[in-house]
Amino acid sequence: MSLLQLMGVTKRFGGLVAVNDVSLEIASGQLVGIVGPNGSGKTTLFNVISGVFFPEEGRVFFDGQDITRLPSYKRAPMGIGRTFQIPRPFGSATVRENVAVGAMFGTLGHQLNVNKSLKIADDIIEKVGLADHRNKLAGMLTPVEKKLMEIARALAMKPKLLMMDEAMAGMHPNDIDQMVNFIKKITQEESLAVVAMVEHIMRAVTGMAEKVIVLHQGSKLVDAPTKEALQDERVMEVYFGKSVEAL
Amino acid sequence: MRKKYLPIIPVIIAYLVLFLVGKNVSGTWQLVATLLFYCALGQAFNIFMGMTGYVDFGYVAFMGMGTYGMALGITRFVFLQEYGAVIIVIGFLLALLMSTLLSIAVGAVALRLRGAYFAIATIGVNEGFRFLIEGARIWNGSEGIIFMSQLNDILGRDAASALSTFWADVMVLVIAFLAALTTLLFMRSKIGYALTALREDEDAAKVMGINVTKYKIIAFITSACFAGSLGAASWALKTPYVFPPEVFEIHYTIEAIIIVLLGGAGTLLGPVAGGLIYGISKYYLSIFIPGFQLLIFAPIIIVIIVLFPQGVVGMLRDYTKNTVVGRFIV
């Protein structure tokens, strides 16, 4: 059974159709890349899945439950975690406290007290390589560190579905490779099911995604295994324009 | 006591020193009582404004409700006078009940709004309530309630006078301390983490699984309860009468905001520092240049808030970080 299923989801902002009749399925443990040019509706799709917006049409199922109209704070304990395109740290709290908040209100939240959550936070901070910044205020981190912290915060929630919104934009290529390896590793270790991600950076997509979903102007263009998808003519056209031979 | 509750020690020391000075240095009790009132006001207001980042301009209405609660407790239950102080307890219970009810009513509507919209929506609460009481002639309307004689009947003349000149202020001290303790307990529990998260970024907090409305309401009601008991102790018991224009005066909300910002919003020690600085400077300014104190005070506050946006305690906390002293300052 698929972990996440979208059926004919449409989200409009006034006259603008940001996500147009998108259906997709993501299985447990699958690494999925969601790509598309700017304005193709990737972030809106994330917002619909995490409950920031409700869709006008269509349904969203998670873990067998219809969550189309479920408020976002109820989705996190079910196992939906995410990061933001522009990091949104809780600036006046330390990195450690930020990550602990993830543990406290995530899937295991009801059985974790503050001390246990802080312990989990320490563990994960170590893993993402922020140990030196543990007691810094999150607002004082560099942009890349903020992104790492957001990933740590989302991981602390022990999500079944982790959505990363351009988490690697702006990172050094070496760091991207490192991050890709880390995420691959953690998906297996934590049996953290799915990492869906929105990414411009093809290096990251090809490095880890098993399947790629390409969005274009709000609609789903291609949904196929990574290699296949990236060689698809329509995808090439969206990214690079028509090939010379075709003209 | 566990390590994480250490920061309560400076609070205890501050209040203890205040109390001892007022008790032993003759002629200072009135000043100390005023300072205690400001500290308690800041401490109570801080639980909501400091921890959630929302500004409630109608805050004084909760104090007004508390004052009325005590007044009604004393006037309506005067037939129980052989039980004496029990009536005061009933008064406090009524004060708590009434401020809680009002905070639920206000919170249910206004807490759906964010930031400045919340602030604007709450401005009307105290004035609206005042006009409701006066216009609909609830609880004697604009004539208010004077319950000096009932208080004398209940406690006897001497005890009643001791209550209004000394014990009411001690109650304020207790309220200030309890509010500080609650603040620390909140800070060290999930509630505090949730409030910090929602203060910093409400949308991100929601996506992290935090039911922001629930935690805002918890902070709001808790804060309102302390305001209610503060009204009951400091206004009703100290001066045994209640008039609508006095207990719904927006002036006190402004003072609460100043104290919290001055001391450091969301900090434990902030309201103590803010209350003392504000109370002492207001007292001396009104002695040396009566009538001009606000003119002097306004720019001082502007300067402090521009230079130390984190407040006095926020600044101290940053300086003492990673030191032994720092462990006591939150």
Side-chain angles (χ1 to χ4, degrees), chain A residues 46-47 49-53 70-84 86-94 96-110 112-118 121 135-140 146 150 153-154 156-159 163 165, chain B residues 2-5 46 49-53 112 114 184-218 264-268 270 308-311 313-315 317-323 326-327 330:
Chain A
F46 266 27
N47 282 336
I49 297 170
S50 61
V52 177
F53 304 133
L70 202 67
S72 53
Y73 69 85
K74 286 189 182 161
R75 299 185 192 206
M78 290 177 74
I80 300 182
R82 71 169 289 182
T83 69
F84 294 93
I86 299 160
R88 303 174 75 160
F90 305 131
S92 73
T94 63
R96 189 166 179 248
E97 288 164 342
N98 263 274
V99 179
V101 167
M104 247 175 254
F105 300 97
T107 48
L108 300 175
H110 53 280
L112 291 176
N113 60 22
V114 173
N115 283 340
K116 280 186 198 158
S117 306
L118 285 169
N135 290 319
K136 252 194 201 168
L137 294 186
M140 310 293 279
K146 277 183 189 161
E150 279 212 333
R153 197 168 66 175
M157 295 166 74
K158 291 257 175 217
M163 299 188 288
D165 196 346
Chain B
R2 276 190 289 172
K3 240 193 198 160
K4 59 182 190 175
Y5 297 114
N46 187 41
M49 181 189 148
M51 299 190 87
T52 65
R112 292 166 198 274
R114 284 202 195 176
L184 187 61
L185 290 177
F186 273 13
M187 281 177 167
R188 296 296 187 240
S189 70
K190 280 189 184 183
I191 298 175
Y193 284 82
L195 292 175
T196 307
L198 81 88
R199 183 183 64 209
E200 294 294 323
D201 192 328
E202 207 163 322
D203 291 316
K206 261 194 220 165
V207 172
M208 306 283 301
I210 297 169
N211 183 350
V212 291
T213 315
K214 178 178 126 187
Y215 288 102
K216 276 190 279 187
I217 289 178
I218 290 177
T267 61
L268 174 67
F308 320 116
Q310 305 225 49
V313 173
M315 187 186 63
R317 186 181 51 191
D318 290 348
Y319 275 117
T320 57
K321 219 174 154 190
N322 304 326
T323 64
R327 263 197 246 152
V330 295

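Chain letters run A, B, ... following the sequence lines, proteins first and then strands; every chain starts at 1.
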statement: Closest heavy-atom pair, Gly209(B) versus Pro77(A), reported as atoms and distance to 0.1 Å, is CA-CD, 4.2 Å
query: Looking at Phe90(A) and Ala204(B), what are the two nearest heavy atoms and their distance?
result: CE2-CB, 3.9 Å
- prompt: Taking all non-hydrogen atoms of both residues, which atom of Ala194(B) and which atom of Phe105(A) are closest, and how far apart?
  reply: CB-CZ, 3.6 Å
statement: Residues passing the salt bridge (Lys or Arg N to Asp or Glu O under 4.0 Å) test with Arg199(B), sequence neighbours excluded, are none
- prompt: So how far is it from Lys321(B) NZ to Asn135(A) CG, rounded to the nearest 0.5 Å?
  reply: 7.0 Å
statement: Note: Ser72(A) and Lys206(B) closest approach over all heavy atoms is OG-CB, 3.5 Å
- prompt: For atom CZ of Arg112(B), is the number of surrounding heavy atoms from other residues, nucleotides or ligands below 6.0 Å larger than 12?
  reply: no
- prompt: Quick one: does Glu200(B)'s side chain get under 4.5 Å of Ser92(A)'s, heavy atoms only?
  reply: yes
message: What's the separation between atom CD in Glu202(B) and atom CZ in Arg88(A), rounded to the nearest 0.5 Å?
response: 10.5 Å
Max heavy-atom pair count under 4.5 Å with chain B, selected residue of Ala138(A), Ala156(A), Ala100(A), Gly91(A): Gly91(A)
message: Are there over 12 heavy-atom neighbours, none belonging to Leu185(B), within less than 6.0 Å of that residue's CG?
response: yes
query: Quick one: OH on Tyr215(B) to OH on Tyr73(A), what's the gap to the nearest 0.5 Å?
result: 10.5 Å
message: Heavy-atom pairs under 4.5 Å with chain A: which of Gln310(B), Lys4(B), Met208(B) has the most?
response: Met208(B)
query: Looking at CG of Asp203(B) and CG of Asn47(A), how far apart are the two atoms once the value is rounded to the nearest 0.5 Å?
result: 9.0 Å
- request: Pick out which of Thr83(A), Val52(A), Ile80(A) makes a side-chain contact (heavy atoms from CB on, under 4.5 Å) with Val207(B).
  value: Val52(A)
message: If you count heavy-atom pairs within less than 4.5 Å of chain A, which of Ile210(B), Asn322(B), Thr196(B) leads?
response: Ile210(B)
query: What part of Met157(A) is in contact with chain B, defined as an atom under 4.5 angstrom from a non-hydrogen atom: side chain, backbone, both or neither?
result: side chain
- request: Check whether any side-chain heavy atom of Tyr193(B) lies under 4.5 Å from a side-chain heavy atom of Val114(A), and answer yes or no.
  value: yes
